S.K.: 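Once you've had a glance at the structure underneath, I'll fire off some questions.
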Amino acid sequence: MTISGTDSVAFDGATFRRVLGHYPTGVCVVTATEAGKTPAGMVVGSFTSVSLDPPLVAFFPAKNSQSWPLIERAGKFCVNILASDQQPLCQQFSVKGAEDKFAGVTHRVSANGSPILDGVVAWIDCRLDAVHEAGDHYIVLGRVMALEVETPGKPLLFFQGGYGEFAQLS
């Protein structure tokens, strides 16, 4: 079933964000380096596993993102799952139009050529598999080439407009 983009809805964008803000998301930084260029990175809160066979993951950059075209041109990327104490790193990579989001950020380069940020909970190194348009965003599928738990611990979460960490119920 296909629903037209012209279908009317009984809510506005603020209501949509407020309601969906009641669902917590993990916070990741997607990084890439196009050959001979400065590394690029962007924060994503919408990241998910898609398939085990083949191993696929997805994230959803906005069409107006300045970082996404740089990552797309690289043809590969690394999803860095931020730790609960990495909110400052999240804020650094969230700045739109920043010349060098990697200033002062320690990292190493994966076998696939993408930056792995120091101190992340885990990383997933991918080859760009497909990009699909979806409203004002893209659906980006990545073929997982390598992945690892880097620093076991609590991930950074985003919930109702703020950051926090996971707390287990007894």
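Just so you know, these numbers come straight off a predicted model, no measurement behind them.
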S.K.: To the nearest 0.5 Å, what is the distance between CD on E34 and CD on E72?
M.R.: 10.5 Å
S.K.: After noting the C-alpha distance and the side-chain angles of F47 and V57, does the key distance pass the side-chain contact (heavy atoms from CB on, under 4.5 Å) rule?
M.R.: CA-CA 7 Å; F47 167 75; V57 295; 3.6 Å; yes
S.K.: Please say yes or no: joined through hydrophobic side-chain contacts below 4.5 Å, possibly via intermediate residues, are V79 and L82 part of one cluster?
M.R.: no
S.K.: List the atom of R143, the atom of P54, and the distance in Å for their closest heavy-atom pair.
M.R.: NH1-CB, 3.5 Å
S.K.: Using the ring of each side chain (for Trp, its six-membered ring), is F11 parallel, tilted or perpendicular to F16, with breaks at 30° and 60°?
M.R.: parallel
S.K.: For a quick test of reading the model, state the closest non-hydrogen atom pair linking K101 to Q92 and the distance between them.
M.R.: O-NE2, 2.7 Å
S.K.: Closest approach of V121 and A83, non-hydrogen atoms and distance?
M.R.: CG2-CA, 3.6 Å
S.K.: Got a donor-acceptor contact below 3.5 angstrom from the K154 side chain to the E165 backbone?
M.R.: no
S.K.: Please list, chain by chain and in numerical order, all residues satisfying side chain to side chain donor-acceptor pair (under 3.5 Å) with R127, sequence neighbours excluded.
M.R.: none
S.K.: Going by the rule side-chain contact (heavy atoms from CB on, under 4.5 Å), which residues pair with D136 if we only count those two or more places apart in sequence or in a different chain?
M.R.: none
S.K.: Hey, are the side chains of C78 and N112 touching, using non-hydrogen atoms and a 4.5 Å cut-off?
M.R.: no
S.K.: Please lay out, stage by stage, how N80 and I116 fare under the test side-chain contact (heavy atoms from CB on, under 4.5 Å).
M.R.: CA-CA 7 Å; N80 294 267; I116 298 173; 4.0 Å; yes
S.K.: With a 4.5 Å limit on heavy-atom distance, are the side chains of C90 and Y163 in contact?
M.R.: yes
S.K.: List in chain and number order the residues that pass side-chain contact (heavy atoms from CB on, under 4.5 Å) with L141, two or more places apart in sequence or in another chain; answer none if no residue qualifies.
M.R.: V50, A58, D129, A130, H132
S.K.: Please name the residue in the list H107, M145, K76 that meets the side-chain contact (heavy atoms from CB on, under 4.5 Å) test with S114.
M.R.: K76
S.K.: Nearest 0.5 Å, what's the CD-OG distance between E148 and S110?
M.R.: 13.0 Å
S.K.: Using the rule given for side-chain contact (heavy atoms from CB on, under 4.5 Å), can you reason through F102 versus F93, listing the C-alpha separation, both sets of side-chain angles and the distance that settles it, and then say yes or no?
M.R.: CA-CA 8 Å; F102 281 82; F93 277 91; 3.7 Å; yes
S.K.: Tell me whether the count of non-hydrogen atoms from other residues, nucleotides or ligands lying under 6.0 Å of NZ in K37 goes above 12.
M.R.: no
S.K.: Would you check, one step at a time, whether the test side-chain contact (heavy atoms from CB on, under 4.5 Å) holds for W68 with V131?
M.R.: CA-CA 11 Å; W68 164 241; V131 179; 3.8 Å; yes
S.K.: Membership question, hydrophobic clusters at under 4.5 Å side-chain separation (ILVMFWY): are V44 and W123 in the same one?
M.R.: no
S.K.: Restricting to non-hydrogen atoms, name the atom on L70 and the atom on A40 that form the minimum distance, rounded to 0.1 Å.
M.R.: CB-CB, 3.8 Å
S.K.: Hey, what do you get for OG1 (T106) to CG (L89), rounding to the nearest 0.5 Å?
M.R.: 8.5 Å
S.K.: I need the M42 CE to Q66 CD distance, nearest 0.5 Å.
M.R.: 10.5 Å
S.K.: Judged by atom type as modelled, is there a donor-acceptor pair below 3.5 Å linking the side chain of E150 to the main-chain atoms of L117?
M.R.: no
S.K.: Between I81 and I124, is there a side-chain heavy-atom distance shorter than 4.5 Å?
M.R.: yes
S.K.: Report the distance from atom CZ of F77 to atom CD1 of I71, rounding to the nearest 0.5 Å.
M.R.: 8.5 Å
S.K.: To the nearest 0.5 angstrom, please state how far the OG1 atom of T31 sits from the CG atom of D125.
M.R.: 8.0 Å
